[in-house]
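Input: a single structure, listed below in structure tokens.
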There are 2 protein chains.
Amino acid sequence: MFLRVVLKENFLSQAISIRNMNKGQVTIKDIAKELGISPSTVSKALNGHPDISKDTKQAVRDLVKKWNYVPDPIALSLKGGPSRIIGVIVPEIVHYFFSTVISGIEDWANDAGYHVMFCQSSEQYLKEVKAVDTLLSSRVDGILVSVSKSTNDFSHLRKIVEKGIPLVFFDRICEEIDADRVIVDDETGGYVAAKHLIEIGCKHIFHLSGLQRLLIGQGRKNGYMRALREHNFQVNENDIIDCDNMEEAAVIVPELFKRPVKPDGIFAVNDLTAVAAMRVIMELGYRVPEDVAIVGFTSGLMSDVTNPTLTSVEQHGYMVGREAARLLIERLENPRELPKKTVIIKTELVKKGSTDRKK
Amino acid sequence: MFLRVVLKENFLSQAISIRNMNKGQVTIKDIAKELGISPSTVSKALNGHPDISKDTKQAVRDLVKKWNYVPDPIALSLKGGPSRIIGVIVPEIVHYFFSTVISGIEDWANDAGYHVMFCQSSEQYLKEVKAVDTLLSSRVDGILVSVSKSTNDFSHLRKIVEKGIPLVFFDRICEEIDADRVIVDDETGGYVAAKHLIEIGCKHIFHLSGLQRLLIGQGRKNGYMRALREHNFQVNENDIIDCDNMEEAAVIVPELFKRPVKPDGIFAVNDLTAVAAMRVIMELGYRVPEDVAIVGFTSGLMSDVTNPTLTSVEQHGYMVGREAARLLIERLENPRELPKKTVIIKTELVKKGSTDRKK
DNA sequence: TTGAAAGCGCTAACAT
DNA sequence: ATGTTAGCGCTTTCAA
């Protein structure tokens, strides 16, 4: 009897289908009407509810396929269900590191059936606050954040947690908030970088350091200092200079070479600074790596393109992104309250021309 | 009398406020309850409906501000209203050009009160199709697309238009679909690049060309050919080699220097290829720019970092993004059917070391 | 000038 | 095994 209904209605299906297609999506109602059953039955059939007959389920599934029905995520999230969107806030998309992180996030999230919504803070606290509001009002299921350089007040991030929305920090974390974290092993990176400079014979190793307010700045510097100490070098505070971008490097680096004790090795907090330093140094007439060896941090495209190529600490941004997404989705799909995790992504020294001293 | 009600209710406001905050957002209902009026009145007051009294409007506005009420965009878009989200599909976020485009889109869209949702196709047709579904099911108000290299079938993009959702192409456009477009003036870019090589005295100018299926590949090549012709050079098809990435350049470029007539000028379809070519050429023992001058396309960070620095055609990605967002939002806010526009962003030759022949 | 009711697409408790 | 109802937050007739 059920089948008869279907057959009878079938004459109309084409017309109905077309009408609804134009209007937008096919709805659960259309399916129900076509099959002569109620919307809730359709809903249950679709969700594999146990007490719907096999025949009905099959009929629903067939029509769903035929009409290309897709449940409306908006309606779902209005109901309070998950939106299956995860929000991401990064400081700057143009940075190679962050763009690789984003790729990692996207790939993992898409594979798990989530969509991703990106916002950038442009390193501005206010934009970061706004981004949080944007994401919350879009009902994202969870949020991934790498905090901006100018963020000192964390109440907007705390608000996320208070709303019960899973939060994962990556790279630039906030220590004050208990959340999952994915960090790069900056300390070891800094250590290995400085150690390498020591091993190739540098005696006066300077560090162009990042913002000490950020953990990544601290970590890289601490690693540098540890390497020096462990190799019986004296750590000289004057050899650590705040300088984390090309513009500053252009001004600051020449000053270093006016000192009585000039650097013969430089570890810079990022590739851009390293590259700018290298440029300046060569313009001053020193040879790289013979007179001055240089190590950067991030190992983006940049490091292959300079002459000499730049030895740098690879951060594995893609992995950072994947792990961050994985952590978040794990929590989304497994809501019991487990202790927060911190994943540390290993860094890796990639040796290239700027430290390649033929012995 | 109205005011009395408000005052009376005020004792409870704190408690109510807190309860609702926890549960999520303040709703229009809460405002109504607090003020002792109906939700529909609140809605009208908020939307400046003419027949709501001034007092009511004011009271509503005050409480809205006090309780920090924000209308729920999900509910709005369920109602069929705009989501105020615009969707963007780019081939690869890691490309400097696209990341600057994204910045431009984000800035303009945010200023206009829109949120942005990004997807990347990773140059894969299937991911592009999926991205379209993602965005449509998220009820975006409009979509910006730069088509992937592997896309030959455009039905997924046509679907967007058929659903009545404004579509704007940027950079990699689809000619078959009538839509707003923002393109870079590739032809002129190619022209100026080749002309510059001619002017500095190159006699044998080769072109490392991009995919000819893409308009950008065609445009750059056409500009190159026009420059040659206009300067009475013979255009030799053998001097135009398909080669648009570092890996290919590493293999192909050395071959060029085994020919009887070697290039003394190279115009590459993008910076990465140009940089790779430059590297290879210098390794072969030629001097840049003295023996071989090189021009790239895009002028990203890359071009400042090489030695010599790379002369390149600036594409103004940020502007492309802004214009694309502007075009889309213009259409969203002005729905009458106007003819489609094409905005052309001028390119600009940025002369640097790789063509700097001291005369 | 305000309110009640219906409906956007969907689900879930509660009938039948 | 299937249907009815109510409700998520909001807007919008239509009635009062």
Side-chain angles (χ1 to χ4, degrees), chain A residues 1-3 5-6 20-21 23-60 64 67-84 136-139 141 163, chain B residues 1-3 5-6 19-21 23-60 64 67-84 136-139 141:
Chain A
M1 171 259 162
F2 179 63
L3 282 178
V5 174
V6 173
N20 287 316
M21 289 311 194
K23 209 202 118 202
Q25 290 294 330
V26 180
T27 77
I28 219 168
K29 261 189 186 166
D30 301 319
I31 305 277
K33 203 172 291 172
E34 174 75 358
L35 259 30
I37 57 180
S38 84
S40 54
T41 306
V42 176
S43 168
K44 284 173 195 159
L46 252 22
N47 297 324
H49 200 98
D51 46 44
I52 297 295
S53 75
K54 271 205 158 165
D55 291 347
T56 307
K57 276 183 184 165
Q58 198 48 52
V60 168
V64 156
W67 280 6
N68 225 289
Y69 163 81
V70 191
D72 184 335
I74 302 284
L76 288 189
S77 73
L78 220 215
K79 271 309 272 186
S83 63
R84 297 196 79 80
L136 288 179
S137 70
S138 294
R139 292 261 177 95
D141 292 345
K163 288 209 190 269
Chain B
M1 175 258 164
F2 180 62
L3 283 178
V5 175
V6 173
R19 175 154 46 84
N20 286 316
M21 289 312 194
K23 206 200 121 206
Q25 289 294 330
V26 179
T27 79
I28 218 168
K29 260 188 185 168
D30 303 318
I31 305 278
K33 202 172 291 171
E34 173 77 358
L35 258 31
I37 58 180
S38 84
S40 51
T41 305
V42 175
S43 168
K44 285 174 194 160
L46 251 22
N47 297 323
H49 200 97
D51 47 46
I52 297 295
S53 74
K54 271 204 158 163
D55 291 346
T56 308
K57 276 182 183 165
Q58 197 48 53
V60 168
V64 157
W67 279 5
N68 227 289
Y69 163 80
V70 191
D72 183 336
I74 303 283
L76 288 189
S77 72
L78 219 215
K79 275 308 270 186
S83 64
R84 296 196 80 79
L136 288 179
S137 70
S138 295
R139 292 261 178 92
D141 293 344

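Just so it is clear, the model here is predicted, and its values are computed rather than measured. Chain letters run A, B, ... following the sequence lines, proteins first and then strands; every chain starts at 1.
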Can you tell me how far [atom2] of [N] sits from [atom1] of [X], to the nearest Å?
X	N	atom1	atom2	result
A:I37	C:dC10	CD1	P	14 Å
B:I52	D:dT13	CD1	C1'	14 Å
B:R139	C:dG9	CZ	C1'	8 Å
B:H49	D:dC14	NE2	P	13 Å
A:K57	D:dT2	NZ	P	10 Å
B:I31	C:dG3	CD1	P	15 Å
B:D30	D:dG9	CG	P	8 Å
B:I74	C:dC10	CD1	P	14 Å

Taking B:R84 for the side chain and B:P73 for the main chain, is one N or O donor matched with an acceptor at less than 3.5 Å?
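Looks like no, no N/O pair under 3.5 Å.
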
Does a side-chain heavy-atom distance below 4.5 Å link [X] with [Y]?
X	Y	answer
A:R139	B:D72	yes
A:N68	A:V26	no
B:I37	B:V60	yes

If you take all heavy atoms of A:L78 and B:I74, which pair is closest and at what distance?
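Heavy atoms of A:L78 and B:I74 come nearest at N-CG2, 3.9 Å.
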
Closer to the 5' end of DNA chain C via nearest nucleotide, is it B:L78 or B:S38?
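Its nearest nucleotide being more 5', the pick is B:S38.
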
What protein N or O atoms touch nucleotides 10-12 of chain D N or O atoms at under 3.5 angstrom, if any, and at what distances?
| from | atom 1 | to | atom 2 | distance (Å) |
| --- | --- | --- | --- | --- |
| D:dC10 | OP1 | B:Y69 | OH | 2.7 |
| D:dC10 | OP1 | B:D72 | N | 3.1 |
| D:dC10 | OP2 | B:I28 | N | 2.6 |
| D:dT11 | OP2 | B:S43 | OG | 2.8 |
| D:dT11 | O2 | B:K79 | NZ | 3.4 |

Taking only N and O in the side chain of A:S53, is any of them less than 4.0 Å away from OP1 or OP2 of D:dT2?
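Yes, within the criterion.
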
Roughly how far, to the nearest 0.5 Å, is the OG atom of A:S43 from the CD1 atom of A:I52?
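Here the rounded value is 9.0 Å.
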
